[in-house]
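Below is one structure, written out as structure tokens; the observations come after it.
Each chain gets a letter, A, B and so on, in the order its sequence line appears, and its residues count up from 1.
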Amino acid sequence: MGDLLNIFIKSAFIENMALSYFLGMCSFLAVSKSVKTALGLGVAVIFVLGLTIPMNWLIDHYLLGETGLFKLDLTFLRFIIFISTIAALVQLVEMVVEKFSPSLYNSLGIFLPLITVNCAILGASLFMITKEYNFSQSVSFGLGGGFGWALAIVAIAAIREKMSYSNVPAPLRGLGMAFILTGLMGMAFMGLMGIDPAAF
Amino acid sequence: MADIIEITEKEPAIAFGKEEKKLLTDPINENNPITVQVLGVCSALAVTTLLNKAIVMGIAVMLVTAFSNLFTSLLRNYIPKQIRMIVQLVIIAFLVTVVELFLKAYNYPIWKELSVFIGLIITNCIVMGRLEAFAMANKPWRSFLDGLGNGFGYAVILVIVAFIRELFGKGSLFNYKIIGPTAEYALNTSQIGWLHWYVPNNLMILAPAAMFVLGVLIWLQRTKYKKLVDIS
């Protein structure tokens, strides 16, 4: 149990996906103009990561691996299979949510298609492979990573909202400032590197 | 179908006129995928700690954008609208797999260092963005050039950022010591680089510096080209 908490904290704060691996930067910069939409996207990312990571883990181990169903090393198909799983799952989630919870659909809806091409989702699946996590560790890694990403985007959106009252040089307005703010936040998050997750 | 064939007969399929040249050169500066369109920042920053990593990544992205644009454009009339995203993703994933296996076979150390970021070209927004915005509506040759141009614009930014980060972060370029004290300094005095008092700044290697460098690049570009300035 401590091991899982350890991975959660590590992936959420110390190796934050947005701020130290730059994953999901496209939507990170595009959707962080207001806290409300940022929160919506953040929740959607946690949700999709929580689903796709275990799914991809199962597929990787029971279909693609040498000990899997076909007894062949099919790992070169990883990219194609992973991205198809993610695309299919996102589509499925969208349909299910639309059917059973229209209010949730209205708040998550527009972000779901965006998420298929969010690097954080595919990136987390690939990191799970390179880090050789087992099933429960992967789930913890996915949830932690999603939580860290959501935290980062909400924080940056809050800063950018306040930023609109500041007198920024015209050429730096918008995108340029967003990059510098993200860099500053990344430095702040580096302060968390001192945490020893093993202590939990 | 009939008139499509007619048009291709009138003008040669592979022409290289003014407009084609514009497709290639536009994305380098005024329509740069990273600094202006803000696409593909995801994988751009993580690989820029070393110049040779950035160059390999730039070439990989260039190949993937060019060929995925070409293939999508060839197939554009046969892809049903509802599932076009999955079709596009499969085309991209196929090309990325080819690039990845090639790198793994011929340049294992670089493959090892790039690790997941080669795979992340799939979700690189430039590739998808160009497919949606250009290849789905244009002819193959032009789409190919557009892909090549956008890949090149991406690679240029990558190389600039990597140059700054490696030079000031490690004092080296292509792993050759240029400035700052060398490890061999004490043993072999002929190994002193230029400016041997300069202590490499470790922050440049870390993640936030990539953001600062890119932010400043955008600032400079927009100071020079006023029409790119964000009005909102």
Residue B:Ala209 versus chain A: region with a heavy atom under 4.5 Å:
neither
Measure distances from A:Met190 to the heavy atoms of chain B and classify the residue's part below 4.5 Å as side chain, backbone, both or neither.
side chain
Whether the side chain of B:Thr48 engages the backbone of B:Ala54 through a donor-acceptor N/O pair (distance < 3.5 Å, no angle test) should be reported.
no
Greatest number of non-hydrogen atom pairs under 4.5 angstrom with chain A, of B:Ile122, B:Ile86, B:Val96, falls to B:Ile122
Given heavy-atom pairs under 4.5 angstrom as the criterion, report whether the side chain, backbone, both or neither of A:Thr182 touches chain B.
both
From the list A:Leu19, A:Leu29, A:Leu184, A:Ile81, the residue making the most non-hydrogen contacts under 4.5 Å with chain B is A:Leu184
Specify which of B:Met128, B:Lys104, B:Lys224, B:Glu100 makes the most heavy-atom pairs with chain A at under 4.5 Å.
B:Glu100
Can you tell me how far apart CZ (B:Arg130) and CG (B:Asn69) are? Round to the nearest 0.5 Å.
7.5 Å
Given 3.5 Å as the limit, does a donor-acceptor pair link the side chain of B:Arg165 with the main chain of B:Leu206, or not?
yes
Within the distance-only criterion (no hydrogens, no angle test), does the side chain of A:Trp149 pair as donor or acceptor with the backbone N or O of A:Leu23 below 3.5 angstrom?
yes
Mutual orientation of the aromatic rings belonging to A:His61 and A:Trp57 [parallel < 30°, tilted 30-60°, perpendicular > 60°]
parallel
